[in-house]
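Below is one structure, written out as structure tokens, with a few remarks after it.
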2 protein chains.
Amino acid sequence: MSQEVEQRSLSQYLEEHNLKHTKQREAILAAFLEATGHITSEEIHSRVRVDHPNIGYTTVYRTMKLLCDAGLATERHFDGGVTRYEIEHEHHDHLVCLRCGKIIEFECAMIEKTQLEIADRYRFRVLRHRHELYGHCDACVRELAE
Amino acid sequence: MSQEVEQRSLSQYLEEHNLKHTKQREAILAAFLEATGHITSEEIHSRVRVDHPNIGYTTVYRTMKLLCDAGLATERHFDGGVTRYEIEHEHHDHLVCLRCGKIIEFECAMIEKTQLEIADRYRFRVLRHRHELYGHCDACVRELAE
DNA sequence: AGTGAAATTGAAAATCACATTCAATTTCAA
DNA sequence: TTGAAATTGAATGTGATTTTCAATTTCACT
């Protein structure tokens, strides 16, 4: 299946860090990968429970942190106070629909460059950033117009 | 004193909304204005307690919400999960020092314009945004280099 | 295969920041 | 002065996450 690379990557991380390979970790990674981006621990928990009814919420929680450390997932904190996880890939920022919750990724070299220039003016060393545009997606704008 | 305008502005808002003018509200606004930007409810509470030892945390909390509604303060949620309040003024974004907590405001018409162009490409209607650069300020970079 | 030290699990309890409840108090228009 | 309505603040609730800890599992080494 298409999860081989990630499962192997997890195993490698676990070995390198003297951590143990468990059914739970494997199942949680699988559930996370099967979902499409920006999922919450809660959602992963329900999904993983279908096949593994006795995996606890705490374990999902801890495992998602682990996957982040292992470089397989990234934590995102959008407005609303719930942590979401996305599959780790190139840097990007987000458009977040306040009505339907849809999350669109975007990337803009121009903005990236400009923000570094701004930081330079303050002799500020940027380590990371977040840039989120909140509003209404196309579909919601249409529905609201009705 | 220099708070006259804001105090009057608060009074006006209270009248217009059939709310009452209380010592607590006045004191909390005063404490907020005396502080320099990006303060937490917790901090406002300690400050206001100096002269008004029996004002409760809940009241500070509620009053800060009120000041936001009245257009005198703005709520900000930086990484770390604590709400901070700043004196309401023109739109701007932030540089946040992860070491000393210093917060620098910046504004960039170019970025504002570019992000609207990006949103347009997705037919996304932007209602608000957040753009925060996290890293180390000049002073901290120097100290870290020692 | 068996052993045991170390890691992991999961239920429950703790934490953290914020929000709500409610009885007592205060405000202010009449 | 009065009393209806708003406000206060202590205590309690909430929601998301985090920690605790006893029981279980993993895995390097017999």
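Quick note: numbers below take in every heavy atom, side chains included, and nothing from hydrogens, waters or symmetry partners. Every chain is numbered from 1, with letters handed out A, B, ... down the list of sequences.
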In whole angstrom, what separates [X]'s [atom1] from [N]'s [atom2]?
X: B:M64; N: C:dC18; atom1: CE; atom2: P; result: 12 Å
X: A:K23; N: D:dT24; atom1: NZ; atom2: P; result: 16 Å
X: B:I55; N: D:dA10; atom1: CD1; atom2: P; result: 11 Å
X: B:E75; N: C:dA19; atom1: CD; atom2: C1'; result: 12 Å
X: A:N54; N: D:dT24; atom1: CG; atom2: C1'; result: 12 Å
X: B:H77; N: C:dA17; atom1: NE2; atom2: C1'; result: 11 Å
X: A:E43; N: D:dA16; atom1: CD; atom2: C1'; result: 14 Å
X: A:L19; N: D:dC27; atom1: CG; atom2: P; result: 10 Å

So, is [X] close to the [N] phosphate, meaning a side-chain N or O under 4.0 Å from OP1 or OP2?
X: A:T83; N: D:dT17; answer: yes
X: A:Q24; N: D:dT25; answer: no
X: B:T59; N: D:dT8; answer: no
X: A:R25; N: C:dT9; answer: yes
X: A:Y57; N: D:dT18; answer: no
X: A:Y61; N: D:dT18; answer: yes

In one Ile/Leu/Val/Met/Phe/Trp/Tyr side-chain cluster, 4.5 Å: B:F78, B:Y85: no

Sugar-phosphate, base or nothing in reach of A:T22, heavy atoms under 4.0 Å: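 Touches sugar-phosphate only.
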
Proximal nucleotide (of C:dA6, C:dT21, D:dT17) relative to the A:K20 side chain: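 For A:K20, the side-chain atoms sit closest to C:dA6.
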
Listed nucleotide nearest any side-chain atom of A:K65, set D:dG9, D:dT18, C:dA7: D:dT18

5' precedence on DNA chain D between B:G56 and B:N18 (nearest-nucleotide basis):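 Comparing both residues, the 5'-ward one is B:N18.
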
Residue met sooner reading DNA chain C from 5', once B:G80 and A:R62 are mapped to nucleotides: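 Result of the comparison: A:R62.
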
is_close_aromatic(B:H129, B:H91), centroid dist under 6.0 Å: yes

A:I55: which of A:I44, A:V60, A:T63 passes side-chain contact (heavy atoms from CB on, under 4.5 Å): A:V60

Between NZ on residue A:K65 and OG1 on residue A:T83, distance to nearest 0.5 Å: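 Nearest 0.5 Å value for the NZ-OG1 distance: 6.5 Å.
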
Check: A:E86/A:H94 side-chain N/O donor and acceptor closer than 3.5 Å: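 Yes - a donor-acceptor pair under 3.5 Å links their side chains.
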
